[in-house]
Novice: 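For reference, the structure I am asking about is given below.
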Amino acid sequence: MPPHPGPDAGTGVLQCLRSYEVAYFHGAHNVMLSLIYDPACAEYAHSYHPETPARVLATAKSLQTRWPDVSVQRPGLASEVDLLRAHRPGHLARLLTPPDFDGDTPWSPGIGDHARRAAGGALLASREALRGKQAFSLLRPPGHHATADRAMGFCYLNSVAIAALAALVQGCTRVGIWDFDAHHGNGTEAIVQGHSAIRFASVHQYPGYPGTGTRSAGNAHNWPVPPRTDRGKHAAAVRAALDVLLAFKPDLLLVSAGFDAFVHDPITDMSLELEDFYSFGTWLGQSGVPAAAILEGGYSGELGTLVQAFLEGWEG
């Protein structure tokens with residue numbers, strides 16, 4: 001694994017802390033949504049695969065109907081400097097060539113650029129959050145299963161880990177990662193494990209893919225939730241995960257926002273309802289911490305409605 005960079009002791013620290021003060025003391029968690037989106041992320045597909053272009057296309061339409069004046073920003077591709085904080089050089093080279101990575105994670109022409117765009121979206125969302133915006137990155141592919149040297153579980157580059165490590169270089173002293181996707185963020189945990197400036201918390205179905213996240217260790221905190229767990233108990237675990245992160249007093253909170261714990265999701269066996277995702281957004285807004293949310297999973301036809309509920313709760 002690449003070495004973890006420490007926080008820059010120069011002007012970046014002051015910049016991050018000043019952004020935090022603006023967001024906290026002036027209620028910036030209620031400002032207008034900043035949507036990070038590029039329809040180019042829909043330009044690859046596999047007919048058999050649940051991670052489809054329609055997920056983001058329909059969701060973008062839903063959000064732009066709900067917030068017609070939303071600020072929509074197209075991200076650039078994440079730089080190699082940003083990528084190499086989280087991934088090995090050999091992995092970046094592997095993204096450029098076939099064959100498929102595994103049965104869940106096919107290779108496509110241009111998949112490296114699509115993954116770099118998603119990582120660029122997470123980086124941009126982080127910067128927007130530190131400017132006091134309610135930033136949501138609506139891009140594909142997802143990222144939280146990708147490890148330093150392996151693409152897996154629909155994921156090619158670990159966008160949230162890339163953004164967390166970049167935030168430290170840019171001056172943040174502590175970053176929290178809140179992962180409520182139905183699947184354990186094994187790649188994120190592996191990349192940030194042991195990093196004293198990052199705290200990771202995941203709530204996920206277990207047993208279930210990828211079969212990790214059964215215990216907590218060091219800066220990684222896990223809540224494995226059995227299939228078909230009562231939604232109240234599941235939501236309480238998500239709240240406990242957030243509380244662990246808030247006790248860390250992060251300068252920035254990154255959210256691996258997966259919506260596949262929804263009761264009608266076709267690839268999981270969970271029980272959360274629309275109102276639960278609204279609650280997650282409400283808690284995030286009430287935290288007062290600058291935050292950026294990055295789309296991970298969510299494969300039901302109701303993804304747009306679920307994301308809208310989360311953002312409405314966050315908006316307050």
Side-chain angles (χ1 to χ4, degrees), residues 4-38 70-79 81-83 85-86 117-139 143 158-179 188 191-192 195-201 242 245-257 280-281 283-295 310-311 314-316:
H4 295 298
D8 184 344
T11 57
V13 173
L14 295 176
Q15 180 180 357
C16 182
L17 293 179
R18 285 171 184 154
S19 297
Y20 174 74
E21 289 169 359
V22 169
Y24 188 85
F25 292 109
H26 297 285
H29 54 284
N30 286 325
V31 302
M32 184 178 291
L33 169 67
S34 179
L35 179 63
I36 315 303
Y37 173 66
D38 187 337
V70 66
S71 168
V72 180
Q73 298 190 61
R74 295 191 180 188
L77 306 186
S79 71
V81 170
D82 287 321
L83 300 182
R85 296 191 190 100
R117 182 185 301 109
L123 291 164
L124 177 55
S126 298
R127 294 194 295 272
E128 287 289 281
L130 291 170
R131 296 185 184 112
K133 297 296 182 70
Q134 176 193 354
F136 184 77
S137 181
L138 176 64
L139 293 161
N158 199 303
S159 299
V160 72
I162 291 165
L165 294 168
L168 298 179
V169 171
Q170 293 160 4
C172 289
T173 58
R174 290 180 300 278
V175 177
I177 300 174
W178 187 33
D179 188 334
T188 308
I191 291 169
V192 307
H195 198 307
S196 62
I198 299 175
R199 181 171 290 185
F200 168 78
L242 177 60
L245 296 175
L246 295 180
F248 185 56
K249 300 187 184 303
D251 301 320
L252 175 67
L253 189 58
L254 298 175
V255 185
S256 275
F280 299 168
W283 300 339
L284 185 62
Q286 291 172 344
S287 75
V289 178
I294 294 95
L295 180 67
F310 170 70
L311 293 176
W314 188 1
E315 184 181 49

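Not measured: the values here are computed from a predicted model. Worth knowing before you read on, the calculation uses all heavy atoms, side chains too, and leaves out hydrogens, waters and symmetry mates.
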Novice: Please check: side-chain N/O of D38 versus main-chain N/O of R74, any donor-acceptor pairing under 3.5 Å?
Specialist: no

Novice: Determine the minimum heavy-atom distance between A125 and S137, stating which atoms define it.
Specialist: CB-CB, 4.3 Å

Novice: So, do V255 and F280 sit near enough that their side-chain heavy atoms are less than 4.5 Å apart?
Specialist: no

Novice: Mind checking whether Q73 and S34 have side chains closer than 4.5 Å, heavy atoms only?
Specialist: yes

Novice: If you measure from CD1 on I36 to CD1 on I294, what distance do you get to the nearest 0.5 Å?
Specialist: 9.5 Å

Novice: Between W314 and A293, what is the shortest heavy-atom contact and its length?
Specialist: CZ3-CB, 3.9 Å

Novice: State the CD1-CZ distance between I191 and F200, to the nearest 0.5 angstrom.
Specialist: 10.5 Å

Novice: Do you know the tightest heavy-atom contact between A291 and A129?
Specialist: O-CB, 3.1 Å

Novice: Hey, could you give me the CZ/CG distance between R199 and L246, rounded to the nearest 0.5 Å?
Specialist: 10.0 Å

Novice: Has R117 got a side-chain atom pairing as donor or acceptor with L139's backbone, closer than 3.5 angstrom?
Specialist: no

Novice: Which atoms form the tightest heavy-atom contact between L123 and A163, and what is the distance?
Specialist: CD2-CA, 3.8 Å

Novice: Which pair of non-hydrogen atoms, one from V175 and one from C172, has the smallest distance, and what is that distance?
Specialist: CG2-CB, 4.2 Å

Novice: Kindly compute the distance separating CH2 (W178) from CG (L242), expressed to the nearest 0.5 Å.
Specialist: 4.5 Å

Novice: Is there a side-chain contact between L165 and I198 in this structure, where contact means two heavy atoms from C-beta onward sitting under 4.5 Å apart?
Specialist: yes

Novice: Would a 4.5 Å heavy-atom cut-off, applied to side chains only, mark D82 and V169 as touching?
Specialist: no

Novice: Less than 4.5 Å apart, side chain to side chain, heavy atoms only: is that true for H195 and L168?
Specialist: yes

Novice: Taking L311's backbone N and O only, do any of them form a donor-acceptor pair with Q134's side chain (distance below 3.5 Å, no angle check)?
Specialist: yes

Novice: Could you give the distance from NZ (K133) to OG (S126), rounded to the nearest 0.5 Å?
Specialist: 14.5 Å

Novice: State, to 0.1 Å, how close L295 and F136 come at their nearest heavy-atom pair, and which atoms those are.
Specialist: CB-CZ, 4.2 Å

Novice: Could you tell me the separation between the NZ atom of K249 and the OG1 atom of T173, rounded to the nearest 0.5 Å?
Specialist: 12.0 Å

